[in-house]
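Sharing a structure, written as structure tokens. Questions coming.
No hydrogens, no waters, no symmetry mates; every other heavy atom, side chains included, goes into these values. Bear in mind that the values here come from a model prediction, so they are computed numbers and not experimental data.
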Amino acid sequence: MESLTALKNSVIGGDEDSAADLTQRAIDANLAPKTILDDGLIAAMTIVGEQFKNHEVFLPEVLLAARAMNAAMEKLKPLLLSQNVPTLGRVVIGSVQGDLHDIGKNLVGIMLKGAGFEIIDLGHDVTPANFVDTAESESAGVIGMSALLTTTMPAMKQVVDLVHDRDLDSRIKTIVGGAPVTAEFASEINADAYGFDAASAVDRVKELLDITQ
Ligand code: B1M
């Protein structure tokens with residue numbers, strides 16, 4: 001669709017204002033929020049990732065694209081949250097230690113909130129102790145971890161191990177996700193679940209908490 005191509009290009013080009021504006025226009029044209037997200041914003045970040053890998057663009061461009069994506073997300077957020085039915089349970093989320101990527105994690109938070117969960121978002125570069133201490137003190141049933149770097153994936157295992165070492169396995173479940181993370185990796189580190197994307201993260205968290213609705 002033409003308007004989504006323009007939106008995609010504005011994110012790839014790191015044009016924050018135009019990304020926000022074109023997202024609003026797509027919303028006004030009654031495009032489904034999920035279509036805007038998948039075919040506009042996520043598609044753009046995938047292209048930027050490829051360009052970065054091929055040394056066609058460099059970190060400043062990637063950062064600008066991320067900012068443009070965030071500006072667009074601010075417009076989409078209210079729509080993604082609109083089915084909010086409080087509250088199915090409490091979930092602590094964050095990007096693991098050493099990882100500054102937070103766009104996917106933010107998306108997971110928005111979707112979970114939209115599905116009716118209460119979210120405690122610890123941000124990025126979250127230490128294993130911070131994840132587990134917070135889940136314990138806030139009586140959260142689930143810890144959701146995001147990693148975008150192969151080098152930070154081991155931090156997920158540290159969190160899972162810490163939950164186990166503190167004998168909290170029956171009270172706190174863990175779910176992992178992020179571009180380099182796989183279902184195999186999740187089961188290798190004994191995480192309770194793996195989320196392929198933000199929508200499936202919602203389904204997996206519901207399963208972990210035995211929520212049938
Ligand atoms: Co970086 N980066 N980056 N980066 N970056 C990647 C991840 C990379 C694949 C690019 C590449 O080489 N092609 C590469 C990683 C290579 C690897 O480890 N195999 C990379 C690198 C190398 C780096 C640096 C090391 C670069 C450097 O400094 N030399 C550096 C590391 C910084 C750090 O974290 N310590 C770095 C920095 C950055 C920026 C800061 C510039 C910026 C991040 C800004 C931000 O997040 N605020 C950035 C970006 C934007 C990217 C790419 C281009 C896009 C990531 C993104 O936001 N995607 C990325 C390339 C790519 O992934 N295509 C890349 C969109 C987002 C919606 O998708 O996060 O995958 P994603 O989330 C998905 C699913 O994975 C899932 O749901 C979402 C969709 O619905 N999901 C979950 C995510 N978390 C989940 C949790 C769940 C369930 C599902 O349960 C809890």
Side-chain angles (χ1 to χ4, degrees), residues 1-54 56-57 61-85 88 91 93-95 99-117 119 121 124 144-149 175-183 185-186 193-207:
M1 189 167 293
E2 208 177 308
S3 60
L4 285 183
T5 306
L7 172 58
K8 211 160 76 179
N9 289 335
S10 71
V11 173
I12 294 168
D15 187 338
E16 216 174 320
D17 292 341
S18 152
D21 186 46
L22 288 167
T23 301
Q24 188 57 55
R25 282 202 232 166
I27 293 167
D28 294 343
N30 285 326
L31 278 183
K34 185 143 185 353
T35 306
I36 302 173
L37 183 64
D38 288 346
D39 301 346
L41 307 181
I42 292 182
M45 293 311 282
T46 305
I47 291 171
V48 172
E50 280 303 305
Q51 292 176 334
F52 181 65
K53 200 166 63 188
N54 299 330
E56 291 158 14
V57 298
E61 287 96 335
V62 179
L63 204 47
L64 286 174
R67 278 200 199 136
M69 164 117 186
N70 279 332
M73 281 300 297
E74 283 305 310
K75 301 278 179 192
L76 266 191
K77 211 178 195 171
L79 296 171
L80 294 171
L81 291 176
S82 63
Q83 303 121 14
N84 199 343
V85 199
L88 297 179
V91 182
I93 61 167
S95 301
D99 212 312
L100 303 179
H101 298 86
D102 64 0
I103 296 175
K105 180 268 297 169
N106 293 342
L107 208 46
V108 170
I110 289 170
M111 295 299 226
L112 283 169
K113 221 185 229 177
F117 291 95
I119 301 306
D121 186 345
H124 51 68
M145 292 166 264
S146 180
L148 264 286
L149 298 172
I175 172 167
V176 293
V181 179
T182 60
F185 175 77
Y194 160 71
F196 169 72
D197 59 14
S200 68
V202 172
D203 294 338
R204 298 295 86 77
V205 168
K206 282 184 175 173
E207 285 163 11

Exercise. Does the side-chain contact (heavy atoms from CB on, under 4.5 Å) test come out yes or no for L107 and L37, once each step is laid out?
Worked result: CA-CA 10 Å; L107 208 46; L37 183 64; 3.8 Å; yes
Problem set entry | A71 versus A20, closest heavy-atom pair with distance |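 Smallest heavy-atom distance, with atoms named: O-CB, 4.1 Å.
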For this session: Kindly indicate whether the side chain of M45, heavy atoms from C-beta on, has any atom under 4.5 Å from the side chain of I42.
Result: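 The answer is no; the side chains never approach within 4.5 Å.
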Exercise. Is a side-chain donor-acceptor pair under 3.5 Å present for E74 with N70?
Worked result: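 Side chains of N70 and E74: no pair found under 3.5 Å.
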Problem set entry | Worked check of side-chain contact (heavy atoms from CB on, under 4.5 Å) between L41 and L76 | CA-CA 10 Å; L41 307 181; L76 266 191; 3.9 Å; yes
Exercise. Which atoms form the tightest heavy-atom contact between A19 and L7, and what is the distance?
Worked result: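 Heavy atoms of A19 and L7 come nearest at O-CD1, 3.5 Å.
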Problem set entry | Pairs involving residues 36-46, ordered by first then second residue, that meet side-chain hydrogen bond (donor to acceptor under 3.5 Å, both in side chains) (sequence neighbours left out) |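 Listed by first then second residue: K34-D38.
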Problem set entry | Heavy-atom donor-acceptor pair, Y194 side chain to I175 backbone, under 3.5 Å |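 It does not hold such a pair.
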For this session: Before giving the answer on side-chain contact (heavy atoms from CB on, under 4.5 Å), spell out for M73 and N106 the whole-Å C-alpha distance, their side-chain angles and the decisive distance to 0.1 Å.
Result: CA-CA 9 Å; M73 281 300 297; N106 293 342; over 6 Å; no
Exercise. Less than 4.5 Å apart, any side-chain heavy atom of L88 and any of V205?
Worked result: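 No. Closest side-chain heavy atoms not under 4.5 Å.
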Exercise. Please walk me through it: do D203 and S200 pass side chain to side chain donor-acceptor pair (under 3.5 Å)?
Worked result: CA-CA 5 Å; D203 294 338; S200 68; over 6 Å; no
Exercise. Roughly how far apart are T23 OG1 and L79 CG, rounded to 0.5 Å?
Worked result: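 CG of L79 is found 10.5 Å from OG1 of T23.
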Exercise. Atom CD1 in I12, atom CD1 in I47: separation rounded to 0.5 Å?
Worked result: 4.0 Å
Exercise. Would you say the side-chain atoms of D99 pair up with the backbone N or O of H101, donor to acceptor, closer than 3.5 Å?
Worked result: yes
For this session: Would you please test S146 and I93 for side-chain contact (heavy atoms from CB on, under 4.5 Å) and show each step?
Result: CA-CA 8 Å; S146 180; I93 61 167; over 6 Å; no
Exercise. At their closest point, which heavy atom of I36 faces which heavy atom of A26, and how far apart are they?
Worked result: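 That closest heavy-atom pairing would be CD1-CB, 3.7 Å.
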Exercise. Do you know which two heavy atoms are closest between G109 and I119, and how far apart they sit?
Worked result: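 Minimum heavy-atom separation between G109 and I119: O-CG1, 3.8 Å.
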For this session: Look up atom CD1 in I103 and atom OG in S95, then write down how far apart they are to the nearest 0.5 Å.
Result: 10.0 Å
For this session: Flag the pair K206 / F117 as yes when at least one side-chain heavy-atom distance between them is below 4.5 Å, and no otherwise.
Result: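 The answer is yes, as the side chains (C-beta and beyond) meet within the 4.5 Å cut-off.
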For this session: Could you grab the distance from atom CD of E16 to atom OG of S10, nearest 0.5 Å is fine?
Result: 10.5 Å
For this session: Indicate yes or no: does D121 engage K105 in a salt bridge with an N to O separation below 4.0 Å.
Result: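 Yes, D121 and K105 are salt-bridged.
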Problem set entry | Donor-acceptor pair between S18 and D21 side chains, under 3.5 angstrom | no
For this session: Might you point out which heavy atoms bring V11 and A68 nearest each other, and give the distance in Å?
Result: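 Closest approach of V11 to A68: CA-CB, 4.0 Å.
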Exercise. Got D15 and D17 here, is their nearest side-chain heavy-atom distance under 4.5 Å?
Worked result: yes
